[in-house]
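Bear in mind the structure is a predicted one, so any value in this text is a computation, not a measurement.
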Amino acid sequence: MPHTPTPYTRRQFLTTGLGMVSTLATVPTFLMSSTRALARTEPGLSSLPGVPDDRVLVVVQLSGGNDGLSAVVPYGMPEYYRSRQALGIAESRVIKLAGGDGVGLHPNLGPIVDLVEGGRGAIVQGVGYPNPNRSHFASMDIWHTGDTLEAGGGRGVGWLGRAMDHSLDPKHPDAGIECITIGRTAPMATQGQRIKPVAFERADLFR
């Protein structure tokens, strides 16, 4: 029987370790090892019968609230515990990382430790942009567009949409990259000037 891809839920995505965690601080030394491991093909992730071999970029956007200082805990910084006397994750509960330089993971993030320490996952810290906009909604637009200069806090063409626009062949304008999103509406990041995404509210409707 042909292979039928199964969609991931947010919980499955996190618990199977296919994640990258972001927060604010400095980048630990183990981040560099991830670049060396990306070229290695994992068992079971090569071509599958019944699944096209075309190159497909999958972007998983986990929208929602996340306390970065509780997900990636700077247990080596005394200021963290002085500022978070009630919310701080006790150092005894923090999952220590090899080469973590005083930064560890929340005790519920154990499944991704092997990926991080094996160079197949990374904690990227200090991600931001100069003079950040304090509006939640405008900031989301800036993240989606990758542009802090457009009027309205970055409203316009998304970073993925822009990449897809550039993929168009002038001789074959209808043969550009296809973009399919799962969700009620397509994220702004996928909106291009010429390429427009197709949104399916549920993954089973796409199948």
Please report the interatomic distance [atom1]([X]) to [atom2]([Y]), rounded to the nearest 0.5 Å.
X      : Y      : atom1 : atom2 : result
Leu115 : Ile123 : CG    : CD1   : 11.0 Å
Asp141 : Ser135 : CG    : OG    : 8.0 Å
Arg194 : Ser167 : CZ    : OG    : 9.5 Å
Leu87  : Ser70  : CG    : OG    : 6.5 Å
Lys196 : Met164 : NZ    : CE    : 9.5 Å

Exercise. Are Arg84 and Asp67 close enough for a salt bridge, meaning some N to O gap below 4.0 Å?
Worked result: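 So Arg84 pairs with Asp67 through a salt bridge.
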
Exercise. What do the steps show when you test Leu160 against His144 for side chain to side chain contact (heavy atoms under 4.5 Å, CB included), and what is the final call?
Worked result: CA-CA 8 Å; Leu160 284 168; His144 278 275; over 6 Å; no

Is the backbone of [Y] close enough, under 3.5 Å, to the side chain of [X] for a donor and an acceptor to pair up by distance?
X      : Y      : result
Arg162 : Gly192 : no
Lys96  : Glu91  : yes
Asp147 : Ile142 : no
Glu117 : Ala98  : yes
Tyr81  : Gly76  : no

Problem set entry | Arg93: partners by salt bridge (charged side-chain N to carboxylate O under 4.0 Å, His left out), with sequence neighbours left out |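 Arg93: no salt bridge (charged side-chain N to carboxylate O under 4.0 Å, His left out) contacts found.
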
Exercise. Residues in ring-ring contact (aromatic ring centres under 6.0 Å, His included) with Phe200, at least two apart?
Worked result: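 With neighbours one apart ignored, the set is Phe206.
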
Exercise. Heavy atoms, side chains only, cut-off 4.5 Å: are Gln125 and Val103 in contact?
Worked result: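 Side chain of Gln125 against side chain of Val103, heavy atoms only: contact under 4.5 Å found.
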
For this session: Output, in order, the C-alpha distance, side-chain angles, deciding distance and verdict of side chain to side chain contact (heavy atoms under 4.5 Å, CB included) for Leu97 and Leu105.
Result: CA-CA 8 Å; Leu97 298 171; Leu105 295 178; 4.1 Å; yes

Exercise. For Leu109 and Ile95, which heavy atoms make the closest approach, and how far apart are they?
Worked result: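 Looking at all heavy atoms of both residues, the shortest contact is C-CD1, 4.1 Å.
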
For this session: For side chain to side chain contact (heavy atoms under 4.5 Å, CB included), just list the numbers for Val157 and Gln191, CA-CA rounded to whole Å, side-chain angles, deciding distance to a tenth of an Å, and then say yes or no.
Result: CA-CA 5 Å; Val157 176; Gln191 300 289 344; 5.9 Å; no

Report, one line per pair, each donor and acceptor closer than 3.5 Å where one atom sits in a side chain of residues 180-190; sequence neighbours left out.
unit_1	atom_1	unit_2	atom_2	d
Arg184	NH2	Glu201	OE2	3.4
Thr190	OG1	Pro187	O	2.7

For this session: List the steps and the verdict of side chain to side chain contact (heavy atoms under 4.5 Å, CB included) for Val73 and Tyr80.
Result: CA-CA 8 Å; Val73 185; Tyr80 168 73; 3.5 Å; yes

Exercise. Shared ILVMFWY cluster between Trp143 and Val124, side chains joined below 4.5 angstrom?
Worked result: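 Yes: a chain of side-chain contacts under 4.5 Å links Trp143 to Val124.
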
Exercise. For Glu79, does the CD atom have more than 12 heavy-atom neighbours from other residues, nucleotides or ligands under 6.0 Å away?
Worked result: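 Check passes, neighbour count above 12.
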
